[in-house]
Amino acid sequence: MTTDALTTAAMAAELPLDDPRALAAVSLIWREAHLLDARRYAEWDLLWAAGGEYIVPIDRDTTDFAGRLNLVYDDERMRRMRIERLTGGFSISAAAAARTVRSVSRFVVTGREEHAIELCSAQILVGYKREETFVLAADVTHRITYGADGTVGSDGTAGSDGPPSGPRIARKIVRLVNSEDTVTASGFLL
């Protein structure tokens, strides 16, 4: 979805507070932010649906991630390799990992299907690494999938035909505001 399309979709949509799927998706995204800031990457990995994609494109307007250069374009296998590099102690970015605090807000439902919902949000991340503080801002799109019947119980778990573990991240696209600037080894996940 291009930046203009994101803006148009955001203006036309809303966050329906009476939709348990939307509320469960927001809760999942906030949990994801907490786990990433706490560097609990193994638990973060459990939030993902099978085959989930984690993407940080260079071109903010691209929708052809496979055909364009990206900062990150991870499938399930690559995401797990990234986690291993960050936690294994052998990567230079892991040795001096940044401390982060992020805020995720401005949630807007931009798409609904029987077993999935798509939300756009804004993320502001403040990091501290090697005696320097930095700020990163991004528009983030999450595609969240649910159980086979598409429902979410009052406890946020999937409906009776779905997996007992609840909603999962099927795709996360992080469109950094400064995506075309120089990027250094970060030592954290967006």
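Summarising the geometry of Y146 relative to A22, their closest heavy-atom pair is OH-N, 4.4 Å, with the distance given to 0.1 Å.
In this structure, R85 CZ and R82 CZ are separated by 5.0 Å, a value rounded to the nearest 0.5 Å. Rounded to the nearest 0.5 Å, atoms OG1 (T87) and CZ (R39) are 12.0 Å apart. In this structure, CD on Q123 lies 8.5 Å from CG on L176, to the nearest 0.5 angstrom. Once rounded to the nearest 0.5 Å, the distance linking CG of L23 with CG of L28 reads 12.5 Å. Distance check, rounded to the nearest 0.5 Å: OG1 of T100 to NZ of K129 gives 11.5 Å.
Side chain of N178 to main chain of D181: no donor-acceptor pair is present (N/O by atom type, distance under 3.5 Å, no hydrogens or angles). At distances below 3.5 Å, not a single donor-acceptor pair connects side-chain atoms of E118 with backbone N or O atoms of G111. A donor-acceptor pair is defined here as one N or O able to donate and one able to accept, closer than 3.5 Å; no such pair exists between the side chain of R102 and the backbone of G127.
Looking at heavy atoms from C-beta onward, I144 lies in side-chain contact with I169 at the 4.5 angstrom threshold. Within the 4.5 Å cutoff, side-chain heavy atoms of D139 are placed close to those of R106.
Partners of N70 by side chain to side chain contact (heavy atoms under 4.5 Å, CB included), not counting sequence neighbours, listed by chain and number: I55, P57, F65, Y73. Scored by the salt bridge (Lys or Arg N to Asp or Glu O under 4.0 Å) test, R40 finds E43 as partners (sequence neighbours excluded). Qualifying salt bridge (Lys or Arg N to Asp or Glu O under 4.0 Å) partners for D45, counting only residues two or more places apart in sequence or in other chains: R79, R80. For W44, the ring pair (Phe, Tyr, Trp, His ring centres under 6.0 Å) criterion is met by W48, Y54, not counting sequence neighbours. Under the side chain to side chain contact (heavy atoms under 4.5 Å, CB included) criterion, S121 pairs with V104, F107, V140, sequence neighbours left out.
Hydrophobic clustering, with ILVMFWY side chains joined whenever heavy atoms are under 4.5 angstrom apart, groups F134 together with L86. No single ILVMFWY cluster, assembled from side-chain heavy atoms under 4.5 Å apart, contains both V126 and L189. The hydrophobic clustering, which links ILVMFWY residues whose side-chain heavy atoms are closer than 4.5 Å, places L71 and L190 together. Under the 4.5 Å side-chain heavy-atom criterion for ILVMFWY residues, no single connected hydrophobic cluster contains both V177 and I58. One hydrophobic cluster, built from ILVMFWY side chains closer than 4.5 Å, cannot hold both V135 and V101; they sit in different ones.
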query = Do R112 and R21 pass the side chain to side chain contact (heavy atoms under 4.5 Å, CB included) test, and can you show the C-alpha distance, the side-chain angles, and the key distance before you say yes or no?
reply = CA-CA 10 Å; R112 289 188 187 143; R21 293 187 326 152; 4.0 Å; yes
Check: Under the salt bridge (Lys or Arg N to Asp or Glu O under 4.0 Å) criterion, do D37 and R99 qualify, and how do the steps go?
Finding: CA-CA 7 Å; D37 285 341; R99 290 191 305 252; over 6 Å; no
(request) Any chance you could lay out the side chain to side chain contact (heavy atoms under 4.5 Å, CB included) test for V56 and K172, step after step, and finish with the verdict? (result) CA-CA 8 Å; V56 183; K172 178 180 180 182; over 6 Å; no
Legend entry - Audit row: I117, V109, side chain to side chain contact (heavy atoms under 4.5 Å, CB included) steps and yes/no: CA-CA 7 Å; I117 192 167; V109 175; 3.9 Å; yes
Open item on the list: Please determine whether salt bridge (Lys or Arg N to Asp or Glu O under 4.0 Å) holds for the pair R171 and E53, giving the CA-CA distance in whole Å, both sets of side-chain angles, and the decisive distance to 0.1 Å.
Closed with: CA-CA 5 Å; R171 179 181 253 195; E53 296 178 313; 2.8 Å; yes
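A salt bridge does not link D61 with R175: none of the charged nitrogens is closer than 4.0 Å to a carboxylate oxygen.
For residues 62-73, the pairs satisfying salt bridge (Lys or Arg N to Asp or Glu O under 4.0 Å) are D59-R68, with sequence neighbours left out.
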